[in-house]
Every structure is written in structure tokens, then in C-alpha cells.
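First the structure, in the form of C-alpha cells, and then the observations on it.
All chains are named by letter (A, B, ...) in the order of the sequence lines, taking the proteins before the strands, and each is independently numbered beginning at 1. None of the values given here were measured: they were computed from a predicted structure.
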Number of protein chains: 2
Amino acid sequence: MARNVEFNEATVIQKAMEVFWKKGYNATSLRDLTDAMQINSSSLYNTIGDKQELFVRCVQHYTDIRKQDWNKRLSSKRSPLSVLIDYIHEAVNVIINGEDSCMAVKSAFEVATNDERVKQILIADDQRSYQFLYDLIKKAMDKGEISNEEDPALLADYFNSTWTGWYESYILHKDPVKIKRMAEYFIKQLTK
Amino acid sequence: MARNVEFNEATVIQKAMEVFWKKGYNATSLRDLTDAMQINSSSLYNTIGDKQELFVRCVQHYTDIRKQDWNKRLSSKRSPLSVLIDYIHEAVNVIINGEDSCMAVKSAFEVATNDERVKQILIADDQRSYQFLYDLIKKAMDKGEISNEEDPALLADYFNSTWTGWYESYILHKDPVKIKRMAEYFIKQLTK
DNA sequence: TTAATTCTGAAACACTTGTTTTAGAATAAA
DNA sequence: TTTATTCTAAAACAAGTGTTTCAGAATTAA
């Protein structure tokens, strides 16, 4: 028997996420957040909680989106190898067209060592990313699309950690060709 | 005709670097810094400058140390391939024994997009890292220690960006075996 | 309509931030 | 020793930080 929350929580988390994503956790102030979210700090503290809690929700939201993408790709009827190669190409596009690098990577380096909850979310995200690669590589091997000489778990691990360096490279050099060449070499290794 | 600065600048920069390295730029306060450096903020501002300037010097110092290490390794009389493999093994040891990841990587993601000077220092550092790898790979190819089928520039670029992902992996999983396995695969690719 | 409840906005909170001021101690050259 | 200069320590600075308070507006169910 009382009024309801005026704002849509999902919308507001999305807005906050964009600010955190761009500026990082420590460089983002509560004013930055409430300005973007268009809510008063009292509403924020009444519903979501403090800055840390909000950040946790934002990272969770960020990884949820990735999760959906991986699931969608995994349920594709197309050949495992083509799904994998498409994914690599789209990952390259995200790197060279996105403005703010990857929030998961940035948060791993800036926050994960100090915030156990953020760390756990990123571990789960990394595990899903690994599983996505592992499933495709394994299926591609079983189908004979790629050589099965190498351990698929090792390949998945190795490739899973490769993207991060591409983000760093793009921050420093802003060179799309460099990223594309590395991606082609990456694919070549996989398919030979 | 006046007194001299009491503290040793190199010592003080080293101390500041350690704090920035561990906590990151934004999470480090001036008090954190002056406590570690054991100097008053007025002395800091009189000699070095503000927080940004201090950070720039610290990143410069960090990359200077790496530069020395690369030069030392490049002047080795041993075979290029063995120098390279040694370097990879020691890089792995740094990752799994170090407590605070890599300051260059952390700074690339946290600061490089907002501070042009830091970015330029990191670009120069990255260039030296690339050149180090390129020189060894090229020499190893010329000597016939490794296959020269692949473009050494591409290999150097690719390998240069690989380490970053290993740092992220180690932050999340703290799994030395995982890093070691990736390094062995890395070497295997190089030598086959 | 009433009553109970929960939300919102603005202001205030205490504390921390990066930086500057100031008074005086220290020191090198004359 | 004097003098000119530059250092240092402590305090003060204004602005910004994350968070809380509180009065009142809003809303739902009775």
C-alpha cells in the first residue's frame, strides 16, 4: 500500500554500466553516476545500494550480455568452424569499432584484485568464454574441420587469453590492420 | 647559495612507483604517496610536480627497467632461440611470482586513454618489446633455429600481445600450471 | 477518502581529495 | 659571519567524495 519505484532498474543499470565502462571504477564519481542514471542518490541507495554494489550489478549486466551472445552462437546450426571464424571476425570488429575497450578486461586489472564479488563474476564470465571456445573447437575436431593433434582444452585456454592483448594493442596503436593481421594468423594456426 | 634537496629522487620515485603499481592511478591518494615516499607534499610539488607528473615519472621508470633488461638480453652471446626461450620462461616466472601484475598493462587500460604522455611512454615501451622479439626471431630464422615460413614481424606482433592475456588469466585464476602450459604451447608454435 | 507506506529531491553530512600557503630551518657562497 | 636562497613541515585550502537525513510528495489498499 505505497508508491512504486519510478525508474526502471534495468535502464538505470545500463546507464551506470556505460559510465563505469568508459571511466573505470575509481575514476567514476557518484555524481557522474546519478547524472547518467537520472536518479537521486537517495533513490540509488534505497533500491540498489552503494557504489560497490552498483558496480557489481553493472559488471554482472555486462557479462550477462556476453553470455547471451555465446549461447546464441552455440545454438547455431552452421558448422562449428564457421561459427568460430565468424566469432573471431566479429570480435575484431568490436575491438576496432568500440570506443571503450572491454569492461571485463578493464575491471579484471583495476578491480578484481580488491573486490572478491567482481572477481567471481569475471571468473564465471571467463569460464563461459572458455567453454564457448572449447565446445566449438571440440566439435570442429570431431567433424574433421580442424586437426585434432592438439588438446582442445589447451587451445581454448590459449585462445581465450589472446583477445586481451589485442585490446591493449588497440588502445596504444589504434591500428585496425595490426589487429586484423593477428586475427588472420590466429585463424591460420587453428585451421592448419 | 642555498640548501639542497634532502631526499634522493630516484629512491622516492621507486617508492611511489610501487604504490601506483599496486593500487593503480586513481585509487592512489596523495597521502598514500607521501607516506610511502616519506616526504612532505610541499617537497613533492616543489621538485617533481603534481600527481600526474609523478605518475608519468613512475611509468617512465618502470619502462626504463624493462628496457635495460631487453638490452642486456639482446647483447647475449648465446643463440637467439635460447635467449628467447629463456625470456619466455622468466616472463612466466614474473607473472606467477609477482604480486601486482604488470604496471604497463594496468596503466594502458586505466590511464593511457586519458593521459597522452603516459600513452606515449607505453607506446615506446611496446615498440621496444616488439623490437626485442623481432630481433631474436629474425636472428633465429637466419640461423635456421626456427622455420622462416612466417613473417617475423607478424610473429613478433602476435607474441608481443600474448603476455597481456596471461596476466589477466593469472589475476582471475591464480593458476601457475595454466600459464606454464600456455607458454609451452607458445614455444612449440615458435619452434615447429 | 483515509491511512499506511514508500518513494523522491534537496540539502547536509563527515571525510578525503589534490594542491597551496606560510613561516622558519638549513645551507652554500661571499 | 653574513646574506641570499632554497628547502621542509605543518597547516590550511577549496572542492569533491561517498553516503545519509528528512520533510513531504506520491501511491496503493482498505
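Within the structure, ring-ring contact (aromatic ring centres under 6.0 Å, His included) pairs that include any residue of residues 92-127 of chain A comprise A:Phe109-B:Phe109 (at least two apart or interchain).
Against DNA chain C, the stretch residues 22-35 of chain B makes heavy-atom approaches under 4.0 Å through B:Thr28, B:Ser29, B:Leu30, B:Arg31. Sorted by residue number, the members of residues 48-57 of chain B with any non-hydrogen atom under 4.0 Å from DNA chain C read B:Asp50, B:Lys51.
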Identify all side-chain donor-acceptor contacts of residues 179-188 of chain A below 3.5 Å with residues at least two apart in sequence or on another chain.
residue: A:Glu184; atom: OE2; partner: A:His89; partner atom: NE2; Å: 3.2
residue: A:Lys188; atom: NZ; partner: B:Glu150; partner atom: OE1; Å: 3.1
residue: A:Lys188; atom: NZ; partner: B:Glu150; partner atom: OE2; Å: 3.0

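A:Tyr134 belongs to a hydrophobic cluster whose other members, connected by ILVMFWY side-chain contacts under 4.5 Å either directly or through intermediates, are A:Tyr130.
Every residue two or more places apart in sequence or in another chain that forms a side-chain contact (heavy atoms from CB on, under 4.5 Å) with B:His173 is listed here: A:Ile123, A:Asp126, B:Ser169, B:Asp175, B:Lys178. Remark: B:Asp69 engages B:Arg73 in a salt bridge (Lys or Arg N to Asp or Glu O under 4.0 Å) (not counting sequence neighbours). Legend: residues meeting side-chain contact (heavy atoms from CB on, under 4.5 Å) with B:Asn46, ordered by chain and number and at least two apart, are absent. Looking at residues two or more places apart in sequence or on another chain, you find no salt bridge (Lys or Arg N to Asp or Glu O under 4.0 Å) involving B:Asp35. Partners of A:Asn71 under the side-chain contact (heavy atoms from CB on, under 4.5 Å) rule, at least two apart in sequence or in another chain, are A:Lys67. For B:Arg66, the side-chain contact (heavy atoms from CB on, under 4.5 Å) test picks out B:Tyr62, B:Trp70, B:Cys102, B:Ala104, B:Asp125, with sequence neighbours left out.
No contact: B:Thr47 has no heavy atom under 4.0 Å from any strand.
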Any N/O pairs under 3.5 Å between the protein and nucleotides 23-25 of chain D? List them or say none.
residue: D:dA25; atom: N3; partner: A:Arg3; partner atom: NH1; Å: 3.2

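Residue-to-nucleotide contacts include no donor-acceptor pair under 3.5 Å from the side chain of B:Asn4 to the base of C:dA28.
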